[in-house]
Undergrad: 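I have a structure here, written as structure tokens, and I will follow up with some questions on it.
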Amino acid sequence: MTAIRQEAIRMLEKVPEDKLGFVIQIMQGVNGLLGMPETKVKSGIDLDQFVMQTTERGQDADNYIRELRDNDRI
């Protein structure tokens with residue numbers, strides 16, 4: 001057993017029983033420390049799938065709003 005491992009065990013033995021859950025969470029959060037990665041890496045989300053295609057009506061929206069404003073209908 002290495003000196004570092006012995007020191008870690010000594011430190012863990014001093015941690016109160018009710019605080020060990022926090023220590024375990026910290027250890028699990030360190031990538032690969034326990035050989036159990038916390039989560040898998042998620043693939044990126046393609047944001048373009050949420051963009052609507054332009055329509056003829058949408059292209060003329062500015063002109064339509066301007067026309068309504070000019071004719072005092074808004």
Side-chain angles (χ1 to χ4, degrees):
M1 191 177 316
T2 65
I4 261 182
R5 185 178 296 265
Q6 288 175 342
E7 178 65 21
I9 291 171
R10 274 191 294 254
M11 290 174 70
L12 280 172
E13 288 172 346
K14 293 179 184 177
V15 174
E17 195 76 25
D18 61 328
K19 304 294 183 197
L20 282 177
F22 297 120
V23 173
I24 290 170
Q25 287 178 348
I26 292 168
M27 291 172 66
Q28 287 175 340
V30 176
N31 290 333
L33 181 65
L34 299 176
M36 297 181 291
E38 190 172 326
T39 57
K40 293 182 179 180
V41 176
K42 294 182 180 179
S43 61
I45 297 174
D46 180 22
L47 297 178
D48 289 334
Q49 67 183 342
F50 300 108
V51 176
M52 294 177 60
Q53 298 296 321
T54 57
T55 62
E56 185 176 326
R57 182 177 179 186
Q59 291 173 348
D60 294 330
D62 288 335
N63 292 334
Y64 177 71
I65 295 295
R66 193 174 299 116
E67 180 183 334
L68 288 176
R69 208 173 327 142
D70 291 344
N71 294 332
D72 290 330
R73 287 191 254 167
I74 289 187

Undergrad: My understanding is that only residues two or more places apart in sequence, or in another chain, count here; which of them pass side chain to side chain donor-acceptor pair (under 3.5 Å) with Asn63?
TA: Arg66

Undergrad: Run the side chain to side chain donor-acceptor pair (under 3.5 Å) test against Glu13 and tell me which residues pass, sequence neighbours left out.
TA: none

Undergrad: For Leu12 versus Leu20, what's the shortest heavy-atom pair and its separation?
TA: O-CD2, 4.3 Å

Undergrad: Report, as yes or no, whether the 6.0 Å neighbourhood of atom CD1 on Ile4 holds more than 12 heavy atoms from other residues, nucleotides or ligands.
TA: no

Undergrad: Using the test side-chain contact (heavy atoms from CB on, under 4.5 Å), find all partners of Lys19 that sit at least two apart in sequence or belong to another chain.
TA: Val15, Pro16, Phe22

Undergrad: Check side chain to side chain donor-acceptor pair (under 3.5 Å) between Arg5 and all other residues, then give those that pass, not counting sequence neighbours.
TA: none

Undergrad: In chain order, what residues pass the side-chain contact (heavy atoms from CB on, under 4.5 Å) check against Gln6, with sequence neighbours excluded?
TA: Met1, Arg10

